[in-house]
Amino acid sequence: MPPLASRAVFLSAHPEFVMATERYNPRAAEPRWQKAWDGAGLFTTSNESEAPKHYVLEMFPYPSGRIHMGHVRNYAMGDVVARYKRAKGFNVLHPMGWDAFGLPAENAARDNKVNPRDWTYKNIETMKAQLKTMGLSLDWSREIATCDPSYYKHQQKMFLDFWQAGLAERRSAKVNWDPVDHTVLANEQVIDGRGWRSGAVVEQRDLTQWFLKITAMAQELLDGLDTLDRWPEKVKVMQRNWIGRSEGLTIRWALEEATAPEGETELEIYTTRPDTLFGASFMAIAADHPLAKKAAEKNPELAAFIDELRHAGTSAAELETAEKRGFDTGVRVVHPFDESWTLPVYVANFVLMDYGTGAIFGCPSGDQRDLDFARKYDLPVVPVVMPKDGDAASFTVGTEAFTDDGVMINSRFLDGLDTDAAFEEVAKRLEARSVGERKVNFRLRDWLISRQRYWGCPIPAIHCEVCGTVPVPAKDLPVELPSDVSFDKPGNPLDHHPTWKHVSCPQCGGAARRDTDTMDTFVDSSWYFVRFTDPFNTEGPTTAGVADGPKGWMPVDQYIGGIEHAILHLLYSRFFSRAMTATGHLKETSEPFAGLFTQGMVVHETYRGPHGFVTPAEIRIEDREGKRTAVLLSDGTPVEIGSIEKMSKSKKNVVDPDDIIGSYGADTARFFMLSDSPPERDVLWTEAGVEGAHRFVQRVWRLLVEAAPALAAVEPRAGTGAVSRAAHKALKAVGEDIERLAFNKAVARIYELVNTLAAPLADAAAGNGKDLPALREAVEFLLSMVAPMTPHLAEECWATLGGEGLVAAKPWPVFEPALTVDDEITLPVQVNGKKRGDLTVARDADNATVEAAALALEAVQRALEGKAPRKVIVVPQRIVNVVA
RNA sequence: GCGGACGUGGCGAAACUGGUAGACGCAAGAGACUUAAAAUCUCUCGGGCCUUGCCCAUACGGGUUCGAUCCCCGUCGUCCGCACCA
C-alpha cells in the first residue's frame, strides 16, 4: 500500500486497486463464477469413473412457481456435502429434478384458463433460474420432470411389471367420495365429514381402484429399519408405528345354531390377548362385516343401525369423540373352552372392518374400549389379569381396565400363569383343535394409487367387456395425457375427454376404454432417485450396472429433506426399491437411502397490522430502550409483533430468496442458513442474522484483499507458530463437522480461524508479516473450508491471491496431525470438584509430575488449608482433581 | 390416552457422551477513528458478594461419583407423531 498522501494519485493510475478496495460485490462476482464452473463442466458427473461414488440428494421440489427459504436451507446443506465430498476425491452424483404432477396445476388451469403443462413448465423455468443463482453444484444434465412422458413412460412400464408380479392389483375399496367435485378425497381432505373444497357431505363409496401391495412387504419394511443406522431414530420409530406389527391369534367361534342366520356357522375374530379369553363377555363386529349384513336381512332395526354407522363421519375429530355404540344382533356364539357358555354378538362402531378379521371378542376387564362398551350395555366385567402382587379375592375392575401384564385369575386352567404363559397355553390348545391359529397382523394398508385426476401419470390399463382389464402393450407406452382438456366440468377431465378413453382392446380388438385414473403423485417420487442414475436411457427406467451393484450409484449415500415425509414418501420409496428389485429393474437394492437427514424448518416472526398480517418487507423494526416495536414503512402505523411461525403465505411471514440473493448474494444466504442453529432444528430467520453472515463474507474478502499483495507470490508451507496450529486444527475440525452434517459447528470453527488470522493478515497487509508461507497456507486452508458453504467468495478470494484454477476443483487439504495438538496444555485443577486454578504442563508430562505441580499451586495449598490431600486424580490431558 | 424428543445467558447455541459450563454468532453497552454518520477496530457482557478472591447457576427435587448439562429415580413444562388397529 502506498502512503496515504499519494493514494489518490496511485489509485487513479491503477484502477484495479480501486476495484479491490471496494466492498465485495456478489451481484457481479457470483454469476461470473457460476459461468466459470459451468464452462469447466465441474459438476457434470460421469458414470464411468474409477473414483469411489457418493450420491447426495435433496428431496426434489414441487414446481409451485418460486423457491422458498426452506429450499435454500435444504439445498445449501446438500451442496456443502456435495462440494466437500468432491474435494475429498469422490465421484459425486448431485442431481436435481421436479416433482411435477399434482393438483395445484389443475387448480391453476381451472382458475386461470392455462394448460397445466404450460403452467408447470413455466414454473420449472422460473425456479430453475432461481436455483441457478444459488450457485449449487448440481449436474443439470440429469434434470428430470416427472410430468414428462420420457419419465412416466418408464413408470407405466414398471406398473405393468408390478401388476404381472402380483404387486399391483385392482379391487373394490371403500373411499371418500365427494359428490359435488366427483372425485375421491384423501382422508385428510375430509373435514368434519365434508369435502374440504366443495363443502359437500362426503359419502363412503365402494369403488374399484388400483392398489400397490405394500402389505406384502410389511415384514421386510419393518426388518429393514434395523439396518438403517444413519437414519434418525425418530423417523424409524414413526415408520415402525405406522407398519404396526402385532402378534396374536385368530379364533373361530361356533355360532349357536338357534340364533345363527341361515348359512352362517362361525365367527372368526383376531386377538392379541388370547390369555384373556375367560374374561370375554361379548363379541363385536364391524358394520360392514358379512355376518352383520346377514343378520340385518331379517332385522330392520339392525339394518337401520348399520346404515347410520355407515353415514357417520370419518374425520379424526369425530372418531375421537364418538361414543361407543352397539346393537345386539341376536346371534350368539359358543365359547371355545365351554360349550355351555354363549355370548352375544354386537355390531359396534369401534370395530374396523379392514383390520384383522373385522371382529373381536370383548374382554371388558382387560381393554378400556371393551370396558366402556360393557358399562354402557350392562355386560359382565370379570377380571382375569391382576398385578403380580395383587390379591385374587379382592381385585376388581371399576372404570379403568387393567391392560398390563400380570397373573391370571378367574380363568380355570390358566389361573396362576403369567400373561405370556397363558397366551402360549391358549394358543397351544386352540391350535391343537384347529380352532385357533397364530397370526401376525399389520396396521399398514395397501397403497391406493388411483386418483380421478388429470395431471398425473395415466394408469396403463384398458377395460374390455370381453377380456376384462388388460395391460397396455409395452410397445404402446407411454400412454400420454391429452393436451386438449377442459376443466369446466367438475370431475376428471380425462373421463370427459371426447375421444381419449376410446380404444380397441389389445387382446380381442373390440371396442374398449382406457382406465381414466391417474397415479397418486407419491408414485412419481418413489423412484426418481433411481432415474437420476441414468436419465439418458430411453429404453428402460434403469440401466443395469449403473443403477446399483458394485459400480452402481444406489443407494443414495445422503438424502436430505423435511421431516414431513417421514412416513409416506420414505416408506413408499422403500417399498418401490424392493418392488423394482423383485421385477428386475434393480439388482440388489432394498434400502434406497443409506443416510437420511431431516432438516428443520425456516421460521420467522409474524406481524399483524390493523388489516391483518403484513409481510416483513412492509415493516420496520425499531429498538427503543431494549423494547422491539414494529411500524408500517408506508405510514408509520404501529404493527404488533406476533409469534414465530413456519414461513407461510397465509401468515405473510415469508422472505423471498430472490430478494435476499439480490441484495446480499447467494453466499450470504447460504452461510446464514448453515450458521447458528443445528440443521435438524428450526432456524429463525432474522434480518440481523443475515447481516451477520454478510459481515462475515465482507470481512473475509477485505482481510484477504488487503493482504493479497503480500501473499501473492508466497509458496504455502506449514510453520510451527499459532497461525499454522490454528489452521490445521480448524481444518481437522471442519472436516469432521461436515462429515457429521454439523454445519453450525463448522461455521463456528471457521469464525474462530478468521478471528485468529485477522491480526496476522493485517500485519501482512501493512508490510510487517511474519512467516508468510505459513500464513499463505492458512489462507488456502480457509478458502477450502469456506468453499463448500460460500463457493463464490472462495473463488473470488483465490483469484485475488493469484491462485490458479478453481477452488471448486481443488482437493481438500490434508492437515498435519502434529500441528493439531499442542506441546503445552493447560489443565484445570480442581479441589473437591471445584475449579481452583490452572496448570500449564508439557502435553506428555507423566502423572506424578502433574500431581506434584498441581499440589504446589498456591490456590490448591490455600484450599487444602495445610492438610494433606486424601487422593489426587489425574486424568491425562484432561483435568486434575485434588480430594481434600 | 399411546409413542417419541427436548428443557443451558437477553436470543440462536457449544461442551470431544462423565472432566474448566456458556466456544462461535446475534443483540446490548463503552471507547477509538470521523466535521458527522455508516463501515471498521478495541474492550465489557449468566447472577450475586466482603471483587488479588469467593458463592450461586445447565427446568425443579433427590441419587450414584473424586467430579454430573451428560448416568439413574421422581416432579413440572414445551414440542412432534399416532389416534378406537383388538
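B:G77 and B:C6 make up a base pair, with Watson-Crick or G-U wobble contacts both under 3.5 Å. A 3.5 Å limit on both hydrogen-bonding distances identifies no Watson-Crick or G-U partner for B:U51. B:G1 and B:C82 make up a base pair, with Watson-Crick or G-U wobble contacts both under 3.5 Å. Across all strands shown, the partner of B:U40 is B:A32, judged by Watson-Crick or G-U wobble contacts whose two distances both fall under 3.5 Å. The nucleotide B:U58 finds no pairing partner, because no Watson-Crick or G-U wobble arrangement with both distances shorter than 3.5 Å includes it. For B:C66, the paired base is B:G19 (Watson-Crick or G-U wobble, both distances below 3.5 Å).
Checked against B:C82, B:G3, B:G19, the side chain of A:N241 finds its nearest nucleotide in B:G3. Residue A:L352 has its side chain nearest to B:A86 when only B:A86, B:A27, B:G3 are considered. Nearest to the side-chain atoms of A:K871 among the listed nucleotides B:U20, B:A83, B:C66 stands B:C66. Closest contact between the side chain of A:R443 and the listed nucleotides B:G81, B:G19, B:A83 involves B:A83. Comparing B:G25, B:A86, B:G12 by their closest approach to the side chain of A:Y355 singles out B:A86.
In this structure, CG of A:N25 is placed 18 Å from P of B:A39, rounded to the nearest angstrom. In this structure, CD1 of A:I750 is placed 16 Å from P of B:A14, rounded to the nearest angstrom. One atom, CG of A:L757, and another, P of B:C24, lie 15 Å apart when rounded to the nearest Å. Residue A:L827 contributes atom CG, which lies 21 Å from atom P of B:C66 at whole-angstrom precision. Atom C1' of nucleotide B:A39 and atom NE2 of A:H694 are separated by 12 Å, given to the nearest angstrom. For the pair A:L684 CG and B:C11 C1', the interatomic distance rounds to 9 Å; values are reported in whole Å. In this entry the distance linking CG of A:N832 with P of B:C55 reads 11 Å, nearest Å. If you take CD of A:E233 and C1' of B:G3, they are 13 Å apart, rounded to a whole angstrom.
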Please list, for nucleotides 21-23 of chain B, all pairs of protein and nucleotide N/O atoms separated by less than 3.5 Å.
unit_1 : atom_1 : unit_2 : atom_2 : d
B:A23  : O2'    : A:E752 : OE2    : 2.6
B:A23  : N3     : A:R749 : NH2    : 3.4

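Base orientation of B:U17: syn, since the glycosidic angle falls within 90° of 0. Look at B:G9: its glycosidic torsion is within 90° of 0, and that puts it in the syn range. A syn orientation is assigned to B:U51, its glycosidic angle lying within 90° of 0.
Under 4.0 angstrom from either OP1 or OP2 of B:C56 there lies at least one side-chain N or O belonging to A:K834. Taking side-chain N and O atoms only, A:R695 has no distance below 4.0 Å to OP1 or OP2 of B:G25. Using a 4.0 Å cut-off, some side-chain N or O of A:R836 falls inside it from OP1 or OP2 of B:C55. A close approach under 4.0 Å does not occur between any side-chain nitrogen or oxygen of A:S675 and OP1 or OP2 of B:C24. Residue A:N755 has a polar side-chain atom (N or O) positioned under 4.0 Å from OP1 or OP2 of B:G25. Using a 4.0 Å cut-off, some side-chain N or O of A:R681 falls inside it from OP1 or OP2 of B:A13.
Taking the C1' atom of each, B:C71 and B:G18 are spaced 8 Å apart, rounded to whole Å. The C1' atoms of B:G19 and B:G9 are separated by 23 Å, rounded to the nearest whole Å. Rounded to a whole angstrom, the distance from the C1' atom of B:A32 to that of B:A38 is 16 Å. Rounded to a whole angstrom, the distance from the P atom of B:A15 to that of B:A23 is 13 Å. One P atom belongs to B:C41, the other to B:C26, and the distance between them is 11 Å to the nearest Å. Between B:G22 and B:G12, the two C1' atoms lie 13 Å apart (nearest whole Å). One P atom belongs to B:C73, the other to B:C6, and the distance between them is 15 Å to the nearest Å. The gap from the C1' atom of B:G48 to that of B:U65 amounts to 29 Å, rounded to the nearest Å.
For the pair A:V237 and A:I879, both in contact range of RNA chain B, the more 5′-proximal nearest nucleotide belongs to A:V237. Positionally, the nearest nucleotide of RNA chain B for A:T686 lies more toward the 5' end than for the other of A:F442 and A:T686.
Within the 4.0 angstrom heavy-atom criterion, base atoms lie near A:V351.
Note on A:K732 versus A:E736: salt bridge recorded, some NZ/NE/NH1/NH2 to OD/OE distance being below 4.0 Å. The existence of a salt bridge linking A:R740 and A:D737 is confirmed by a sub-4.0 Å separation between a basic side-chain nitrogen and an acidic carboxylate oxygen. We find that A:D822 and A:K729 are joined by a salt bridge, their nearest charged nitrogen and carboxylate oxygen being less than 4.0 Å apart.
Figure legend: A:R23 and A:W701 shown without cation-pi pairing, the cationic atom not lying both under 6.0 angstrom from the six-membered ring centre and within 45 degrees of its axis.
Counting heavy-atom neighbours within 6.0 Å of A:R325 CZ, excluding the residue itself, gives a total of 12 or less. By the neighbour-count criterion of 12 heavy atoms within 6.0 Å, atom NZ of A:K376 is densely surrounded, having more than that number from other residues, nucleotides or ligands.
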Worked check of side chain to side chain contact (heavy atoms under 4.5 Å, CB included) between A:Q877 and A:I825: CA-CA 7 Å; A:Q877 296 176 47; A:I825 53 175; 3.7 Å; yes
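Between A:F597 and A:W231, the distance separating the two ring centers is not shorter than 6.0 angstrom. Annotation: A:Y346 is not in aromatic contact with A:F327 [ring centroid separation under 6.0 Å not met].
For A:T419 (side chain) and A:G406 (main-chain N/O), a donor-acceptor pair under 3.5 Å exists by modelled atom type. Under a 3.5 Å cut-off, the side chain of A:Q368 and the backbone N or O of A:T399 do form a donor-acceptor pair.
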